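All remarks here apply to the structure that follows.
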Amino acid sequence: EDQVTQSPEALRLQEGESSSLNCSYTVSGLRGLFWYRQDPGKGPEFLFTLYSAGEEKEKERLKATLTKKESFLHITAPKPEDSATYLCAVPGRRALTFGSGTRLQVQP
Amino acid sequence: GAVVSQHPSWVICKSGTSVKIECRSLDFQATTMFWYRQFPKQSLMLMATSNEGSKATYEQGVEKDKFLINHASLTLSTLTVTSAHPEDSSFYICSAPQGTETQYFGPGTRLLVL
């Protein structure tokens, strides 16, 4: 059974303080790893898809990387507007299997 | 990215009534759509897969007679919560895949059953 584990559960940063979020996965055959951002009371917003170990993708202050066992979402010099829950997911038998998410709070 | 809409965005109903939630893909066709449920501070849990032209596929533990799904067209799926009870109060989110790249999610519908 596919498993996705995210850590930490919650993270509080000062504005400008860079950090990384972790997503560990166990799947029978990786068909992609997805990162989403979710704001309170809203649906997840697509950020990245990674397909193979060593792959990296960037978007503004975010960079996602992938190894054979985990993915990292690096946040460089975060701003308060980066505060959200970040979810990673892998394709399951039918739909996506999500991790429990990391709630990020960036304080000014 | 692709756009998926949901209606209504929130609904309050009395216990025992039925509530219909619509999910639309606005700029692409989707033969499959997915319905998720999310409780506070928890992640998304897949409820069912909506299939255009055939019956929906429900996840284990999800009552198909309570959560009726109809994939009316290539751009519309509906979820009807029948005889709603307070424990059905949750955040319901649909998604639709575009090609093989990813899934796009709707903004969600918050249901409160009194």
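No experiment lies behind these values; they were computed from the predicted model shown. Letters A, B, ... are given to chains in the order of the sequence lines, protein chains preceding strands, and every chain is numbered from 1. Any value given below was found using the heavy atoms of this structure, including those in side chains, with hydrogens, waters and symmetry copies removed.
Of the inter-residue distances, the one linking A:Thr85 atom OG1 with B:Gln38 atom CD reads 8.0 Å to the nearest 0.5 angstrom. The CZ atom of A:Phe98 lies 11.0 Å from the CE atom of B:Met45; values are rounded to the nearest 0.5 Å.
Heavy atoms closer than 4.5 Å to chain A are found in the side chain of B:Thr57, but not in its backbone.
Using a distance-only test at 3.5 Å, with no hydrogens or angles considered, a donor-acceptor pair links the side chain of B:Ser43 to the main chain of A:Gly99.
B:Phe105 and B:Val4 end up in the same hydrophobic cluster when Ile, Leu, Val, Met, Phe, Trp and Tyr side chains are linked at under 4.5 Å. A continuous path of hydrophobic side-chain contacts links B:Val113 to B:Val11 [ILVMFWY only; heavy atoms under 4.5 Å].
The choice from B:Leu44, B:Thr109, B:Leu46 that makes the most heavy-atom pairs within less than 4.5 Å of chain A is B:Leu44.
Counting heavy-atom neighbours within 6.0 Å of A:Glu9 CD, excluding the residue itself, gives a total of 12 or less. Counting non-hydrogen atoms of other residues, nucleotides and ligands closer than 6.0 Å to NZ of B:Lys66 gives a total above 12. Sparse packing is recorded around CD of A:Gln3, with 12 or fewer heavy atoms of other residues, nucleotides or ligands lying under 6.0 Å away.
Shortest non-hydrogen contact noted between A:Gln38 and B:Phe91 is NE2-CE2, 4.1 Å.
You'll find the side chain of B:Phe34 stays beyond 4.5 Å of the side chain of A:Leu96, heavy atoms only.
Taking the ring-ring contact (aromatic ring centres under 6.0 Å, His included) definition, one finds that A:Tyr86 meets it with nothing, sequence neighbours left out.
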